[in-house]
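First up is the structure itself, then whatever we jot down about it.
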There are 2 protein chains.
Amino acid sequence: MTEGTHFQRVRPVRLYQDIVDQIESAIARGALKPGGRLPSERELVAQFGASRATVREALRVLEAHGVVRSRPGQPSGPEVLSFSPDSLANQMTRLVQLDGMSLTDLLAFRMVIDGAASRLAARLHTPEQRDAMERSIAAMEQAIETGYDEFSEADVAFHDAIAQASRNAMIQVCNNVVRGVVLQVIEDKVRRAFDSEALMRESLQHHRDVFEAISTGDGEAASRIARQKLYDYYAGYVPEEDRAGILALLDVEPP
Amino acid sequence: MTEGTHFQRVRPVRLYQDIVDQIESAIARGALKPGGRLPSERELVAQFGASRATVREALRVLEAHGVVRSRPGQPSGPEVLSFSPDSLANQMTRLVQLDGMSLTDLLAFRMVIDGAASRLAARLHTPEQRDAMERSIAAMEQAIETGYDEFSEADVAFHDAIAQASRNAMIQVCNNVVRGVVLQVIEDKVRRAFDSEALMRESLQHHRDVFEAISTGDGEAASRIARQKLYDYYAGYVPEEDRAGILALLDVEPP
DNA sequence: TCTAGTTTACTGGTCAGGCCACGTCGCGCG
DNA sequence: CGCGCGACGTGGCCTGACCAGTAAACTAGA
């Protein structure tokens with residue numbers, strides 16, 4: 001920033017916003033710990049010197065931000081929520097949905113995330129995580145005869161295990177978000193397509209390949225196979241003219 | 001889901017939440033378009049049959065969700081905001097900050113995102129975007145004598161140009177978010193370290209390398225160099241025992 | 001007629017006070 | 001000792017009101 005007469009736009013400060021800021025910064029600096037409770041609404045009215053309506057509007061905002069939850073009857077006041085990445089994932093999912101991201105962008109992004117997760121998992125996985133992956137694959141195999149729902153569930157578990165093994169919270173969050181949104185967008189189509197044993201077997205084999213690469217520590221291969229697999233299954237659902245941007249994520253030479 | 005007696009937890013429905021849901025789904029299905037206006041608060045009171053306090057609480061939530069904005073005096077009622085990825089980025093930034101992500105996770109994630117963006121940019125960039133990158137590099141060169149602030153600004157512009165060239169909205173958003181949060185966490189340290197001409201020249205050269213790889217269409221190299229560069233500059237700020245997880249993202253063999 | 005200032009009708013922001021349903025806790029009854 | 005029932009405090013919601021703005025309608029002046 002340059003020095004001197006560089007003023008900032010004045011904005012009318014809203015009381016409820018001030019309350020939100022105060023409480024959030026109290027949480028951020030640790031004065032209010034997750035699991036703890038806020039004073040009751042009427043108590044906050046006294047402390048902030050605002051009306052109850054105003055305090056309540058602030059509480060609604062805090063609730064929307066996911067940092068607080070208030071339930072009726074609780075004698076100890078609103079609850080300060082702990083910050084699990086889950087809440088981040090939930091909020092992010094809502095935003096991505098509302099934002100109307102294109103399936104193309106989502107798929108490409110998922111390839112990036114899943115590829116990176118697989119690469120990291122190959123280097124960093126613990127024996128327990130390896131077992132979890134193996135169990136998920138076994139569950140997928142069993143589910144071939146049970147049905148798509150169980151198969152899909154095991155598939156999710158497998159990818160979750162990989163994301164966990166990546167030891168990166170951001171990747172785990174993005175993984176959850178983007179998988180959820182993608183599946184939601186094309187769930188019925190996928191369900192129809194996948195309701196054949198052949199496709200499930202093929203998918204199972206691909207998962208085995210990824211698992212093989214991960215457990216031998218070959219991050220490069222794990223990443224490549226994971227991306228390729230996603231492309232193979234989902235590219236059919238994105239407009240043809242958009243596929244170039246996704247192909248660039250595979251390790252194929254340009255035509 | 002299995003068939004049969006699988007009930008769902010009943011939850012007391014709150015009026016303001018109902019209003020939020022109705023308005024958000026109206027936006028989601030296109031009945032309410034960005035740029036349009038909501039009815040005035042008193043009008044909403046009539047339509048929903050709720051009190052103004054309740055309607056206002058709903059509006060606060062919607063505002064926190066970033067889908068509307070209400071300002072006093074506007075005769076046409078609250079404004080329905082357009083969904084720029086910017087709003088997604090803003091909200092995500094707030095969440096990531098509050099969640100207290102570790103610098104390690106953030107840095108690794110940034111390497112993933114920036115690497116993917118560079119790879120895509122190499123294949124997909126337009127001549128205009130190439131020019132924008134070139135201009136940013138020129139600005140960086142000039143800024144070496146001006147100061148760190150200008151240098152940093154040009155640096156941001158360069159990475160933005162790459163993210164744009166990736167043509168992937170999710171990557172652009174994540175790029176913005178994670179860069180912002182990382183810089184915020186260690187801004188002062190970086191500022192001190194970077195206030196030497198030598199480091200800025202080195203950084204400039206690295207950017208030139210990335211640019212070179214992108215403009216010749218070598219996505220693999222662009223991605224690798226981008227990740228390496230981030231590692232070199234920031235790895236010093238993460239705890240030593242965490243670096244293994246980041247190293248796995250570089251194309252070096254395990255020891 | 002056209003402009004400039006003023007009125008007016010609305011907006012959102014805030015307040016005070018009140019009612020209700022529902023948890024929690026403790027007291028007293030069996 | 002255990003159990004049920006009340007009192008108390010909580011959040012959810014409502015009514016009705018006042019204020020400070022904005023913008024459009026209106027009116028007085030050139």
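Here is how names work: the chains are called A, B, and so on, in the same order as the sequence lines, proteins then strands, and each is numbered from 1. For the numbers below, each heavy atom of this structure counts, side chains included, while hydrogens, waters and symmetry mates do not.
- Counting only N and O atoms by type, the side chains of B:Asp21 and B:Gln17 include a donor and acceptor under 3.5 Å apart.
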Between B:Asn168 and A:Thr104, is the side chain to side chain contact (heavy atoms under 4.5 Å, CB included) condition met? List the steps. CA-CA 8 Å; B:Asn168 187 299; A:Thr104 309; over 6 Å; no
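- Every residue two or more places apart in sequence or in another chain was checked for a side-chain hydrogen bond (donor to acceptor under 3.5 Å, both in side chains) with A:Asn90, and none qualifies.
- Heavy-atom distances under 4.0 Å link DNA chain D to B:Gly73, B:Pro75 of residues 68-76 of chain B, given in residue order.
- A donor-acceptor pair shorter than 3.5 Å cannot be found between the side chains of B:Asn175 and B:His159.
- Side-chain contact of A:Gln129 with A:Thr126: a donor-acceptor pair under 3.5 Å is present, judged by distance alone.
- No side-chain donor from either of A:Gln142 and A:Glu150 sits under 3.5 Å from a side-chain acceptor of the other.
- With a cutoff of under 4.0 Å to any heavy atom of chain B, the contacted region of DNA chain D is bounded 5' to 3' by D:dG12 to D:dA23.
- Under the rule for a ring-ring contact (aromatic ring centres under 6.0 Å, His included), the partners of B:Phe158 that lie at least two apart in sequence or sit in another chain are B:His207.
- Within residues 51-67 of chain A, the residues having any heavy atom under 4.0 Å from DNA chain D are, by residue number, A:Arg52, A:Arg56, A:Arg60.
- Side-chain N/O atoms of A:Thr93 and A:Arg179 include no donor and acceptor closer than 3.5 Å.
- Interface residues of residues 37-48 of chain A facing DNA chain C, ordered by number: A:Arg42; criterion, heavy-atom separation under 4.0 Å.
- Salt bridge A:Arg69/A:Glu63: absent, no basic N to carboxylate O contact under 4.0 Å.
- The shortest side-chain heavy-atom distance between B:Arg71 and B:Glu79 falls under the 4.5 Å cut-off.
- B:Phe109 has its side chain within reach of A:Ile113: a pair of non-hydrogen atoms, C-beta onward, lies under 4.5 Å apart.
- Within a 6.0 Å sphere centred on CD of B:Gln22, heavy atoms belonging to other residues, nucleotides or ligands number more than 12.
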